[in-house]
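Remarks on the structure that follows.
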Amino acid sequence: MPRLVSHPDEVKIVTRRFGQGAAQIDRYLELGGYEAVKKCLAQGPEWIVEEMKASGLRGRGGAGFSTGMKWSFVPKQSAKPKYIIVNGDESEPGTCKDHLIFLHDPHSVIEGTIIAGLAVGAKMGFIYLRGEYRYLLEKMERAVAEAYERGFLGKNIFGTEAEFQIVTQSGAGAYEVGEESALMESLEGKRGVPRIKPPFPAVVGLYGGPTVINNAETIATVPHVIAMGAAAYAAVGTPRNGGTRLFGISGHVERPGVYELPMGYNLKKMIYEVAGGVRGGRGLKAVVPGGSSTPVLLPEEIDIGMDFDQVGKAGSMLGSGGVVVIDDQTCIVEFAMRTISFYAHESCGWCIPCREGTDWLKKTLTRFHAGFGQPSDIDNIRYLAENMLGRTFCPLGDAAAMPTLGFVKKFRQEFEDHLHGKPCPYARAGVPQLTVV
Amino acid sequence: MGARVDRMSVEQKKSESMPVFSPELAARLDALVLKYPVKRSALVPMLLYAQDEVGYLSDAVLAEVARRIGISELDVRSVATYYSMLRFKPAGKFNVQVCTNISCMLRGGYEVYERFQEELGVAPKGVTPDGLFSLEEVECIGACCWAPAIQVNYDFHDELTAESVPGILDRYRNLAQNKEKNA
């Protein structure tokens with residue numbers, strides 16, 4: 001079972017029911033569950049969308065787009081049915097927050113989905129979990145069945161005229177399906193290849209109908225925003241960055257875990273105080289602030305507030321909130337190689353810059369780390385990555401290129417240390433070293 | 001055209017005479033296709049659930065899934081080959097999937113992976129001779145804060161060290177033995 005952690009600086013909003021048996025509907029109701037959706041049924045769609053806008057809640061999947069704005073883009077009238085999709089294909093390396101939400105508070109996802117449906121006039125929602133999360137899908141399915149039994153889902157929900165159905169769905173292993181249009185393709189029973197945009201999902205989405213697709217954490221946050229009020233939620237964070245975030249701190253720290261901290265919480269404090277500092281009293285070498293696709297930060301760059309705007313200003317991204325801490329005995333070239341190997345594996349192969357770019361970067365970095373690097377490789381890596389940026393249909397190409405550029409730019413010396421057949425100076429113990437024959 | 005119809009009817013007869021799925025799974029899949037506004041939406045989970053029972057996506061499984069969804073077998077193959085959890089040859093009874101992605105790598109994921117290779121005596125993607133275990137390196141499984149983590153079939157094991165490997169394998173060996181005794 002994933003270990004739950006806590007720290008006095010945490011502001012528990014989304015996680016407040018964690019570890020209290022709220023996966024069971026009676027317990028969820030005892031803890032104030034399904035009150036927010038009743039409030040929404042009374043207040044009507046416009047009020048919900050305005051509350052979401054005022055809350056400053058921004059998409060927790062990584063892009064950080066205003067949730068209220070996203071919902072407001074859905075046309076009021078539509079010939080085709082409208083849909084809500086919950087993106088629980090959580091696959092960004094460094095990210096495991098939705099894992100805990102599905103485990104400890106599946107009803108909050110259901111409640112958030114119903115509220116999203118009420119806001120945009122959709123009668124059906126899909127909760128898509130990655131295939132690896134089978135035990136969590138089973139939790140989710142039990143919760144959905146409970147909600148149907150109580151009349152919270154189906155026709156005439158909560159004794160009103162409103163109808164809302166929820167369908168759960170399993171993926172079968174694909175990072176790319178976390179991209180919204182690729183997820184819709186997968187949900188339609190196809191290969192998870194992204195669609196050309198525009199049209200955006202709010203206009204043409206699942207089965208061609210207007211669709212709202214939100215990250216699972218975003219959806220799980222919605223009932224709390226409604227319950228505590230938009231103004232109170234917004235006040236927890238920083239300007240334009242409302243509320244809290246589930247930060248997953250992993251890697252070389254003393255106390256890794258998922259911590260719910262206010263938006264804008266200082267990254268340095270997060271690592272040294274909340275997560276107990278670098279493991280074994282070692283020095284800090286680098287921090288990946290928001291999942292593997294976000295450019296790396298140096299120790300002197302981490303005295304920043306963790307919200308979308310401040311991390312952006314520091315040259316990286318808040319992304320999925322997965323903070324990966326790297327100590328001073330780690331080889332950055334190996335880290336870069338492992339990161340790009342992942343993207344090469346996950347590229348769907350549709351766009352040439354991504355398919356070829358990730359593969360060549362993987363080959364070059366693998367050779368480089370093995371001690372067969374050439375001086376020209378370093379600039380070639382940059383050249384390859386720069387030519388992927390902005391040249392692909394979906395963000396996977398960028399997600400692979402951006403961190404690679406960061407590693408080469410900020411750790412050039414370490415790349416040069418690998419040249420001329422020198423063995424990796426930071427190799428893990430027990431790993432055989434390749435040398436030039 | 002006539003020849004094609006003949007072949008189809010032969011295949012249909014074959015599938016009627018030799019059921020590919022257990023009655024339980026067949027009933028589950030019958031219900032699955034009714035969940036969605038469009039039948040085809042059942043395809044990806046159907047493949048996974050079929051694999052859970054049969055062990056892999058054999059030709060017979062692919063043909064049966066195609067029949068159930070009402071699309072061509074080629075179409076099913078095109079989709080199935082996209083998803084990394086779907087496989088086309090048998091794995092071990094317990095498929096050990098070791099995450100070596102960044103968060104796990106930093107906390108010893110490769111050491112865990114290497115220990116599994118030693119203990120099982122198999123290379124990556126290998127199956128033990130008794131068919132009990134198979135081993136593969138996988139990408140991030142969403143357990144980064146409890147790294148290094150693995151999955152054995154769908155069960156997560158987290159906060160591992162290389163030393164915890166033999167114990168995990170013993171647990172599954174015992175599980176298999178107990179099942180045999182009870183059966």
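Note: hydrogens, waters and symmetry copies are ignored here, and every other heavy atom, side chains too, is used. We name chains A, B, ... by the order of the sequence lines, and we start the count at 1 in each one.
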Partner of L106(B) under side-chain contact (heavy atoms from CB on, under 4.5 Å), chosen from D327(A), V324(A), V325(A): V324(A)
Select one option (side chain, backbone, both, neither) describing which atoms of E92(A) are under 4.5 Å from chain B's heavy atoms. backbone
For F335(A), which atoms come within 4.5 Å of any heavy atom of chain B: side chain, backbone, both, or neither? both
Under 4.5 Å from any heavy atom of chain A - which part of [X]:
X: N101(B); answer: both
X: Q97(B); answer: neither
X: V138(B); answer: backbone

Indicate every side-chain donor-acceptor pair of residues 175-183 of chain B with a distance under 3.5 Å to a residue at least two apart or in another chain.
from    : atom 1 : to      : atom 2 : distance (Å)
N178(B) : ND2    : N174(B) : O      : 3.4
N182(B) : ND2    : N178(B) : O      : 3.3

Sort out for me which of T100(B), V44(B), I69(B) touches chain A most, counting heavy-atom pairs under 4.5 Å.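 Among T100(B), V44(B), I69(B), the one with the most close pairs to chain A is T100(B).
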Determine yes or no for a side-chain-to-main-chain donor-acceptor pair under 3.5 angstrom, with R191(A) supplying the side chain and V79(B) the backbone. no
Hey, is the main chain of T168(A) close enough, under 3.5 Å, to the side chain of K35(B) for a donor-acceptor pair?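 Judged by distance alone, yes, a pair lies under 3.5 Å.
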Considering non-hydrogen atoms only, spot the tightest contact between C140(B) and P93(A) and give its length. SG-CA, 3.6 Å
Take Y175(A) and S84(B) through the test side-chain contact (heavy atoms from CB on, under 4.5 Å) and record every step on the way to the result. CA-CA 9 Å; Y175(A) 169 76; S84(B) 64; over 6 Å; no
For a side-chain contact (heavy atoms from CB on, under 4.5 Å) check, start with the C-alpha distance between S186(A) and Y83(B), then their side-chain angles and the critical distance, and finish with the verdict. CA-CA 10 Å; S186(A) 176; Y83(B) 295 92; 2.9 Å; yes
Does anything in residues 130-139 of chain A get under 4.5 Å of chain B by heavy atoms, and if so which residues?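 From residues 130-139 of chain A, the residues near chain B are R130(A), G131(A), E132(A), Y133(A), R134(A), Y135(A), L137(A).
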